[in-house]
Amino acid sequence: MIKNLILGTLLLAGATQGWGQTTDVGVSAAAADQPMTAPPPVNAGGESVAFTSEMEKSNYVRGGLSMQGAYSDNIFSSTPAEGDATYTISPDIGLDITRSRLRWSLSYSPGFTFYQRFSAENQVDHVFSTSLQYRLSPHVTLSLQDNLSKTPSFSGLIQPQSSAGAVAQSPGFLVVGQDINTFVNTGSGELTYQFAPNTMVGFGGGSYELRYLGDAQTQGVFDSSESNAKAFYTHRFSGAHYVGVNYGFQDMVTHPIGIETQVQSATLFYSFYVAQKVSFSLFGGAQYADTHGGGFPSSHSSTPTEGVEVNFQGVHNSLASNFSRTITTGGGLQSAVHAYVVDANLRHQFTPHFSAAIQLSYSNNDLLQPGSFITQTNGHTFTGGGSLQHGLGQHFSAEMGYTRTQQDYSYVAIASQSPTADRGWIAISYQFQRPLGR
C-alpha cells in the first residue's frame, strides 16, 4: 500500500508545477545561495492552505463578524438521534506584522452559539492562534506557534474555510460527540542554525493538551497530554533537494487513569521543492514505545514509522496532504495509539470572488494499552466535508458547507451508540483590514 501511495504522490508532485499555477519560478541550482528553511517533515509550523495572493499582504490589522446558521442531525450522539438548529455569532480580530527580522501573526475569535430546541446547550467558544518567526542572526532563526480552542469537538476536525491558515499539528482524529465541548492547546517552538551554505541543524519541542469538558468522562472518553522534543540535521543539494535525519521523543499521558507512553523515534527524511511553494516529502524510520501505568502490565514495542506529504500554494489552488503511520496520542481513547492517518485539505479559486474547499481525514487506530476489558482494540474515525465561499463586494462574503463524521469504537459510548453525524451550515461574514504604520 505504501509503495502505491508513494508512486501516486510522486506523480501528483510532478503535475503540481503546472496545476498549481504558482507565479514562483522553479528552484534552480542558484537557489543554493538562498537561506535554508526547515523542510516539511521537521517544520514546527505546519503547512498552509492559503493562496499566494492571501500571503502577499503584511503589516495589517484585520477584523470582522460572522453570523452562521447550522443544522446537526445528531447533537447528543444518542439513539434515537436528536437534531437541532444552531445560530452562531463570531467576531474576530487579527494582526500580521512583518519587519526586517520579524514576522508575527495573531488572531482571536470568540463565538456565541444558541440552540433552537435545546437552549441548555448554549455556549461560548474561543479560538486563538499566534505564530512568531524571529531571525536572531543571519543564520539562526527562532519559530514559535500556539493554537488554543474551546469549541464543540466536531468543529475541531473540520471548520468553515472562511480564512486561510496553517494546518494545525494535532492528532489526526478525535473521538467526538456533537454536544461535547473540548479544550485543545497546541504549542511548539523550533530553533534552526544554518552553519554552512547548504547545511542546517534544528532543535525544538512542543506540547499538546486535550480536555473534554462537562460530563464527557461518563461517555467513555479521556483527556490526554503530550510533551515532545526533537533534533534534526539536514543538507541541501542542487538547490531543491533536502535530505536529513531526525530524532524525536514523545511523552503521552491519558488522564485521569494515568496510562503513559514514552516514544523514541529515529527517521530519515527527504524533501524536494518542485517550486518555491510546491514540495514533496517522505520519511521513514523506527519507533520504540514503552507503555505503563493505569494498573496494567507494562508493554514494549518496536514498530516502523513512515509518511508521505505533498504541499503546494498557487494562485488558484492550494493543497496540504499527507499519509503517515506513527504512534500518537489517543484523541480521547484510553491510551496512545498506533495510527494510520490520511489527511487532505484542498482549496480552489474559480474566480477572484468564488472559491471552494474540500477536507478529508481518515485515521485507523490500534490501542497500545487496551487493558483486560477491551476485546476489540482497533477503531477508526472518518471526517469529510466541503464548503463554497462567494464574495459579496469588498467586505462581505457568503459561505455554505457540509461535514460528515463517522466513527467505529465499540468500547466508547459516544462513538458506539450513534456513530455517524451530519452537519450543514450557511454563514454571512463581514471583514475589514487596515494598514499598520502608514
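Under the 30°/60° scheme for interplanar angles, the aromatic rings of H241 and Y270 are found to lie parallel. Ring orientation note: the planes of H235 and F237 are close to parallel, at an angle under 30° on the 30°/60° scale. Using a 30° and 60° split on the angle between ring planes, H390 and F354 fall in the tilted class, from 30° to 60°. Ring geometry, F232 versus F269: the interplanar angle exceeds 60°, so the pair is classed perpendicular (tilted spans 30 to 60°).
Under 3.5 Å, the side chains of Y247 and Q264 contain a donor-acceptor pair of N or O atoms. Side-chain contact of S188 with Q145: a donor-acceptor pair under 3.5 Å is present, judged by distance alone. N364 and H380 share no donor-acceptor pair across their side chains, judged by distance under 3.5 Å alone. Side-chain contact annotation: T88 with T113, donor-acceptor N/O pair under 3.5 Å present. Between the side chains of T254 and S335, no donor N or O sits under 3.5 Å from an acceptor N or O. Counting only N and O atoms by type, the side chains of R423 and N74 include no donor and acceptor under 3.5 Å apart. R135 and T141 form no side-chain donor-acceptor contact under 3.5 Å, judged by distance and modelled atom types alone. Between the side chains of T326 and Q287, at least one donor-acceptor pair of N or O atoms lies under 3.5 Å. Using modelled atom types and a 3.5 Å distance limit, the side chains of N228 and Q250 yield no donor-acceptor pair.
Looking only at distances, no side-chain donor or acceptor of R62 sits under 3.5 Å from a matching main-chain atom of G94. A donor-acceptor pair is defined here as one N or O able to donate and one able to accept, closer than 3.5 Å; no such pair exists between the side chain of N185 and the backbone of E209.
Around NE2 of H353, the count of heavy atoms belonging to other residues, nucleotides or ligands within 6.0 Å does not exceed 12.
The side-chain contact (heavy atoms from CB on, under 4.5 Å) with Y233 is formed by just one residue from the set V201, V243, N246; it is V201.
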Practice item. Decide ring-ring contact (aromatic ring centres under 6.0 Å, His included) for H139 and F195; before the verdict, give the C-alpha distance in whole Å, the side-chain angles of both, and the deciding distance to 0.1 Å. Key: CA-CA 7 Å; H139 305 293; F195 62 89; over 10 Å; no
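Looking at residues two or more places apart in sequence or on another chain, you find no salt bridge (Lys or Arg N to Asp or Glu O under 4.0 Å) involving E260.
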